2 protein chains.
Amino acid sequence: MDSQFLKKVGLKATLPRIKILEILESGGTARHMSAEDVYKALLEHGEDVGLATVYRVLTQFEQAGILTRHHFEGGQSVFEMDEGRHHDHILCTKCGRVDEFFDPTIEERQKAIADKFGYSMTDHSLYIYGICKDCRKKEKA
Amino acid sequence: MDSQFLKKVGLKATLPRIKILEILESGGTARHMSAEDVYKALLEHGEDVGLATVYRVLTQFEQAGILTRHHFEGGQSVFEMDEGRHHDHILCTKCGRVDEFFDPTIEERQKAIADKFGYSMTDHSLYIYGICKDCRKKEKA
DNA sequence: TAAACAAATGAGAATCTTTTGCATTGTTGT
DNA sequence: ACAACAATGCAAAAGATTCTCATTTGTTTA
């Protein structure tokens, strides 16, 4: 049950938190959702949760390590459930499609670069932008 | 002369544009400036340019390929003069220090990943975050 | 080089995303 | 079930960026 999970990570099992967790887990809309997306999904499910609470809860979940916040191009933050394994993203600038990948060589090089410049690496973000196969097909038509 | 340069890239040589170009070229404050930074620098130089114009001009410069817009963590966009050679960034989350690097291996892997997923890569952004040597030294003290 | 025109600017309003203040409500341990 | 304190909702606020529109400024042309 989600309420057990929430307590485990040190958060009170409140209704808004449980509902938001359900939305994120269901992957209903997509694995990558903005605060607004989550808010709309809640409304569609007939839940009465304020947008401010959505923001607060998402931030708490991020701090609890339950999810990751991304800064894709285009202003707003996008959140994604953390399923353990780290990965980076490649996204289509036409249709917004998102794919995930993990490349050990890149990870390794990043660490090496940080070392070389005297930084202790805490994090990194890598986004590849392009046009996906489907969108290229459409363009030709 | 900057006005010649502006015409060359297809922009009218207006006073605001010339002044903004000077600020960016001088590297006065730093190589990486937000719109607000540029605006403040203009005021300090006694130039009377509106913030809206700064935003407009920076966007135009970006489209003209004169400069690159970055989305570092923390909300606002940061601009940097394009001196031809592409590079990525490593930044200190304590003091804001920014270093630049170029890694052929990473570049190559990115292209390979895009191909593998069927994308035609148009762009990419890579930021490494960490604590720089100086800040680590201070922390120990 | 002055008129003519389109493009650019400045100031402030508007928009969008996210955060905050505060009164009210809900959760948890006892 | 109850007290204590955390969490929520709403509306206001804040920060970044864009837009509107009247006015000014480059550029072009005669």
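Keep in mind that what you see is a predicted model, and the values were worked out from it rather than measured. Each chain gets a letter, A, B and so on, in the order its sequence line appears, and its residues count up from 1.
Counting to the nearest Å, the P atom of dA8(C) and the CD1 atom of Ile18(B) are 13 Å from each other. Computed from coordinates, the Lys40(A) NZ to dC16(C) C1' distance equals 12 Å when rounded to whole Å. dT17(C) atom P lies 19 Å from atom NE2 of His70(A), rounded to whole Å. Separating the CD atom of Gln76(A) from the P atom of dT15(C) is a distance of 18 Å, rounded to the nearest angstrom. Across the protein-nucleic acid pair, Leu42(B) atom CG and dG10(C) atom C1' stand 13 Å apart, rounded to whole Å. Look at CG on Leu43(B): it is 13 Å from C1' on dG10(C), rounded to the nearest Å. Rounded to an integer number of Å, the gap from Tyr39(A) OH to dT17(C) P is 13 Å.
Under the side-chain contact (heavy atoms from CB on, under 4.5 Å) criterion, Lys111(A) pairs with Asp115(A), Met121(A), sequence neighbours left out. Looking at residues two or more places apart in sequence or on another chain, you find a side-chain contact (heavy atoms from CB on, under 4.5 Å) between Gln4(A) and Met1(A). A search for side-chain contact (heavy atoms from CB on, under 4.5 Å) contacts involving Glu100(A) returns Arg31(A), His32(A), Glu80(A), His87(A), His89(A), not counting sequence neighbours. The side-chain contact (heavy atoms from CB on, under 4.5 Å) check on Lys138(B) picks up nothing, with sequence neighbours excluded. For the salt bridge (charged side-chain N to carboxylate O under 4.0 Å, His left out) test, no residue two or more places apart in sequence or in another chain qualifies with Asp88(B).
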For residues 125-135 of chain B, which side-chain donor-acceptor pairs fall under 3.5 Å, sequence neighbours excluded?
from, atom 1, to, atom 2, distance (Å)
Tyr127(B), OH, His70(B), ND1, 3.4
Tyr127(B), OH, His71(B), N, 3.1
Tyr129(B), OH, Glu73(B), N, 3.4

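Under the 4.5 angstrom side-chain criterion for Ile, Leu, Val, Met, Phe, Trp and Tyr, Phe102(A) has no cluster partners at all.
Under the 4.5 Å side-chain heavy-atom criterion for Ile, Leu, Val, Met, Phe, Trp and Tyr, Ile106(A) and Val98(A) are members of distinct hydrophobic clusters. A continuous path of Ile, Leu, Val, Met, Phe, Trp and Tyr side chains, each step under 4.5 Å between heavy atoms, connects Leu24(B) with Leu43(B), placing both in one hydrophobic cluster.
Of all nucleotides in DNA chain D having an atom under 4.0 Å from a heavy atom of chain A, the first and last in 5' to 3' order are dA6(D) to dA11(D).
Put simply, CG on Leu91(A) and CZ on Phe117(B) are 12.0 Å apart, with the number rounded to the nearest 0.5 Å. Here the OG1-CD distance, from Thr105(A) to Glu108(B), works out to 9.5 Å after rounding to the nearest 0.5 Å. Atom CD of Gln110(B) sits about 9.0 Å away from atom CG of Asp103(A), to the nearest 0.5 Å.
Each of Gly10(A) and Ala35(B) lies near DNA chain D, and the nucleotide nearest Gly10(A) is the one positioned closer to the 5' end. In this structure, Arg69(B) and Ala13(B) both approach DNA chain D, and ranking their closest nucleotides by distance from the 5' end singles out Arg69(B).
Across all strands, Ser77(A) comes closer than 4.0 Å only to sugar-phosphate atoms, never to a base (heavy-atom distances).
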List, with names and distances, any nitrogen or oxygen atoms from the protein found under 3.5 Å away from nitrogen or oxygen atoms belonging to nucleotides 4-7 of chain C.
from, atom 1, to, atom 2, distance (Å)
dA7(C), O4', Lys12(B), NZ, 3.2

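Screening residues 8-23 of chain B for side-chain hydrogen bond (donor to acceptor under 3.5 Å, both in side chains), with sequence neighbours left out, gives Arg17(B)-Gln60(B).
Heavy atoms only, all atoms of each residue included: Ile20(A) and Val54(A) are closest at CD1-CA, 4.0 Å.
For the helix from dT1(C)-dA30(D) to dT30(C)-dA1(D), the axis fitted to the five pairs at one end and the axis fitted to the five pairs at the other end meet at an angle of 40° (nearest 10 degrees).
Near DNA chain D, defined here as any heavy-atom distance below 4.0 Å, the residues from residues 51-62 of chain B are Leu51(B), Ala52(B), Tyr55(B), Arg56(B), listed numerically.
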